[in-house]
Number of protein chains: 2
Amino acid sequence: MATASGGAPMNRLGFLLAVRGAITDARVRSALGVTGLSPRHAMTLMYLDDAGPVSQQKLAELLAVDPSQLVAILNDLERDELARRRRDPADRRRHIVEITSAGATTLQITSTALTRCEDELFADLTQNERELLSGLLNRIRTADGQYNC
Amino acid sequence: MATASGGAPMNRLGFLLAVRGAITDARVRSALGVTGLSPRHAMTLMYLDDAGPVSQQKLAELLAVDPSQLVAILNDLERDELARRRRDPADRRRHIVEITSAGATTLQITSTALTRCEDELFADLTQNERELLSGLLNRIRTADGQYNC
DNA sequence: TATTGTTATACTCTATAACTATA
DNA sequence: TATAGTTATAGAGTATAACAATA
């Protein structure tokens with residue numbers, strides 16, 4: 001046996017990474033569920049909190065999502081008053097997006113949940129090893145150098 | 001700024017791993033596309049090649065997929081004559097699944113494509129670093145100690 | 001009554017193309 | 001004519017519950 005494949009699937013780094021990533025995604029998703037936010041919602045709030053008010057176009061670029069997908073995310077966030085859109089007076093085609101104070105509060109709760117989730121996932125790794133993992137992941141060659149999400 | 005979130009999303013190891021995993025999954029999927037196999041199809045062939053004939057139940061366990069999902073995978077593989085099901089004479093409820101020689105050939109092509117894909121993704125990592133990454137990923141705590149896919 | 005495999009269904013996430021309004 | 005954002009639609013992938021055949 002084991003003639004053609006080069007062994008079991010999980011000897012393949014590509015598969016291993018994809019699978020562990022999917023498990024992590026599911027866990028993160030479930031952890032964020034306490035606030036009803038998806039990872040993309042949470043990432044959006046994080047960017048808004050981190051970078052301040054930006055246009056939707058710029059935000060879509062940061063998140064590496066299609067502008068049309070960002071619309072739905074912002075609709076949700078705005079409905080829950082976690083973020084706010086306003087027209088750019090200088091160019092009325094543009095929306096300027098910003099986080100609200102309720103958004104910042106929710107982000108903090110999210111952040112706590114995320115930290116607990118990570119501490120479970122990476123419980124067997126030291127802080128050093130987590131940083132090592134982070135560094136290695138950041139050196140994977142993506143098609144566009146973007147993050148996606 | 002940057003008050004509530006603890007920085008941009010990609011400072012979060014959970015998000016980073018989920019996102020890099022998704023990118024890797026997409027690349028692997030596209031690379032495997034040359035044979036028309038999905039990652040799960042390919043993993044199935046790998047397990048069959050590696051472990052020899054097994055029951056569907058056992059195979060579902062190895063792949064960590066629901067038995068009902070394995071049905072569709074095996075239907076595809078059997079249609080293309082890459083794998084074969086036969087009744088277990090000892091217990092006619094059981095199917096014994098095995099890879100065909102055409103399946104082994106396809107697996108080899110798949111394997112080559114996968115290697116090339118991995119070499120692109122991990123081009124900036126040395127062999128040592130790839131093994132390091134693999135080791136770290138294997139020490140992530142999954143809910144059930146299973147691989148999923 | 002329990003187990004093996006199957007069918008049918010529905011849901012989540014995402015990708016894409018066509019549309020509206022402003023410039 | 002080009003750009004910013006929006007709407008509508010379709011697709012892939014997956015999860016789940018009910019079902020049939022055999023033990």
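Order of the sequence lines sets the chain letters (A, B, ...), proteins ahead of strands, with each chain counted from 1.
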Could you state the atom-to-atom distance from [atom1] of [X] to [atom2] of [N] in whole Å?
X     : N      : atom1 : atom2 : answer
B:L63 : D:dG13 : CG    : P     : 16 Å
B:E61 : C:dT4  : CD    : C1'   : 14 Å
B:I23 : C:dA15 : CD1   : P     : 11 Å
A:L70 : D:dT7  : CG    : C1'   : 15 Å
A:E78 : D:dT6  : CD    : P     : 9 Å
A:H95 : D:dT3  : NE2   : P     : 19 Å
B:R86 : C:dG5  : CZ    : P     : 13 Å
B:R29 : C:dA15 : CZ    : C1'   : 14 Å

Under 4.0 Å from OP1 or OP2 of D:dT6: is there any side-chain N or O of A:R85 that close? yes
Within the structure, does a side-chain N or O atom of A:R40 lie under 4.0 Å from either OP1 or OP2 of C:dT14?
-> yes
Side-chain touch [X]/[Y], heavy atoms, less than 4.5 angstrom:
X      : Y      : answer
B:I99  : B:L77  : no
A:D119 : A:R130 : yes
B:L63  : B:R40  : no

Is it the case that [X] and [Y] place a side-chain donor and acceptor less than 3.5 Å from each other?
X      : Y      : value
B:R27  : A:T142 : no
B:S38  : B:H41  : yes
B:E131 : B:Q127 : yes
A:S68  : A:D66  : yes

Per-nt protein contacts along nucleotides 16-23 of chain D (heavy atom under 4.0 Å; B base, S backbone sugar-phosphate only, - none) come out as BB----BS
Per atom distances to the A:Q57 side chain, the nearest of C:dG5, D:dA4, D:dT6 is D:dA4
Between A:S38 and B:Q56, the residue closer to the 5' end of DNA chain C by nearest nucleotide is B:Q56
